[in-house]
Amino acid sequence: MTPENFQLQLLAWFDQSGRKDLPWQHPISSYRVWLSEVMLQQTQVVTVIPYFNKFIKRYPTVNELANAPLDDVLSLWAGLGYYARARNLHKAAKQIAKAGFPETLESLVDLPGVGRSTAGAVLSIAFNKSHAILDGNVRRVLARFKLIEGWTGGSAVNKQLWDISEYFTPDARVADYTQAIMDLGATVCTRSKPLCLQCPLQSDCLALAQDKVHLLPTPKLSKKIPVKQLVFIIATNKNGEILLEKRPPTGIWGGLWSLPELENKQDVSAWADKHQLVIHKRTELKVKRHTFSHYHLDYAPIQLIVDSPTNNVMEAGLRIWYKHTQHKNIALPAPINQLFDEFKEE
DNA sequence: GAGGCGTGGTG
DNA sequence: TCACCAAGCCT
């Protein structure tokens, strides 16, 4: 199938069945497309929509995002995951505010958090410039259409797919084309139960012809992920406030606020002594599991009712007493938020 | 190249 | 309950 034919079929399908009412499509701007593409990294559309709307409401322009404190940005991002994206977004916004919005592949990839595929998406969708993308949807569509076997993350297969993606990317109507091929992957050429009978490319799809659609793209060999254990301290003072700690700027939940952590529950009293807290009551809650992409976390919440001396100066900026029943404008990891929600019900 | 980095939905 | 998955990027 020629690229022209491929594009024609895809665009005709898009005009009929593509998604044209996503929040970042009205209106289209470089800032809105960039923001949405970063949020959509490894994240589904339905999850992103409310976060995108919150961000646009709070930060209508990139300048307002650039001038916001990182803590505020993280608090809006809380729950969306992969928090390096928020930290990079903020850093990139500052660069854009100073130097203007980049309009070339090289300058876009220079932004933190923007790789080749995100850059291609911004250039094609926001500027209608002819650049290819290779996200999960496009990988799946192209791997099937051209019957490319082998894990698509491997360098050889990866290069092959980029070449194919560039080969099919048109000069005209690139914005629609890019949206079209992603939409096709998201709604027709899905990982499980693909709707091949509705596909505009079915007549030339090699995987369909050989009945190998369900085998492609080849999944990565899965490894067993480890289990880590720790104790979360829920220390509540007489004002009903809970002690929170600021996490390091990088690593898991980087830059967010979380509960103090201990390796095991024998360390609780030593921990309390260290922070000059007198324990009045101690309750061990049921162990729960939170699963990350790369490990399981089995955490045992231990609730402590404590007295803390007046003027108990916490390390500046790294510890706070937090009223979880009130304002929520603080960045908490999802499982911590869930834990607090359970408390509120009582 | 391989591993770190979230979360919620699904079968 | 559990493995797997979804619009990747960075080190």
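Per chain, numbering begins at 1; letters A, B, ... match sequence-line order.
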Participant: Reckon A/K220 touches a base, only the sugar-phosphate, or nothing at all at heavy-atom distances under 4.0 Å?
Facilitator: nothing

Participant: Pick base, sugar-phosphate or nothing for A/T291, based on heavy-atom distances below 4.0 Å to the nucleic acid.
Facilitator: base

Participant: Salt-bridged, A/K159 to A/D163, with N to O below 4.0 Å?
Facilitator: yes

Participant: Can you tell me if A/S107 uses its side chain to pair, donor with acceptor, with the backbone of A/T104 under 3.5 Å?
Facilitator: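 It does hold such a pair.
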
Participant: Under 4.0 Å, counting only non-hydrogen atoms across every strand here, what does A/T43 touch: a base, just sugar-phosphate, or nothing?
Facilitator: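 The answer is base, as A/T43 lies within the cut-off (heavy atoms under 4.0 Å) of a base atom.
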
Participant: So if I take every side-chain heavy atom of A/Y82 and compare against B/dC5, B/dT7, C/dA3, which nucleotide ends up nearest?
Facilitator: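 Out of B/dC5, B/dT7, C/dA3, the nucleotide with an atom closest to A/Y82's side chain is B/dC5.
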
Participant: When you check the gap from the basic side-chain N to the acidic O, do A/K228 and A/E261 get nearer than 4.0 Å?
Facilitator: no

Participant: Looking just at side-chain N and O atoms, do A/T118 and A/Q41 make a donor-acceptor pair shorter than 3.5 Å?
Facilitator: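 Judged by distance alone, the side chains do pair up.
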
Participant: Does A/H296 place a side-chain N or O at less than 4.0 Å from the phosphate oxygens OP1/OP2 of C/dA3?
Facilitator: yes

Participant: Base, sugar-phosphate alone, or nothing: which one does A/G79 contact when heavy atoms must sit under 4.0 Å apart?
Facilitator: sugar-phosphate

Participant: I'd like the C1' distance from B/dG1 over to C/dA6, given in whole Å.
Facilitator: 23 Å

Participant: Measuring from the side chain of A/R140 (C-beta onward, heavy atoms only), which nucleotide among C/dC9, C/dA6, B/dG8 has the closest atom?
Facilitator: C/dA6

Participant: Taking A/S165 for its side chain and A/I133 for its backbone only, find out whether a donor-acceptor pair lies under 3.5 Å.
Facilitator: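 Yes, because the side chain of A/S165 sits within donor-acceptor range (under 3.5 Å) of the backbone of A/I133.
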
Participant: At less than 4.0 Å, is any side-chain N or O atom of A/Q44 found next to OP1 or OP2 of C/dA6? Yes or no.
Facilitator: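 Answer is no, no contact under 4.0 Å.
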
Participant: With the side chain of A/R191 defined as its heavy atoms from C-beta on, choose the nearest nucleotide among C/dG8, C/dC5, C/dA3.
Facilitator: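 Of C/dG8, C/dC5, C/dA3, C/dC5 is nearest to the side chain of A/R191.
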
Participant: Among B/dC5, C/dC9, C/dA3, which nucleotide has an atom closest to any side-chain atom of A/Q41?
Facilitator: C/dC9

Participant: Base, sugar-phosphate alone, or nothing: which one does A/G185 contact when heavy atoms must sit under 4.0 Å apart?
Facilitator: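 Nothing, no heavy atom under 4.0 Å.
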
Participant: Would you mind classifying the nucleic acid contact of A/Q179 as base, sugar-phosphate or nothing, using non-hydrogen atoms under 4.0 angstrom?
Facilitator: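 Base contact.
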
Participant: Reckon A/V45 touches a base, only the sugar-phosphate, or nothing at all at heavy-atom distances under 4.0 Å?
Facilitator: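 Base contact.
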
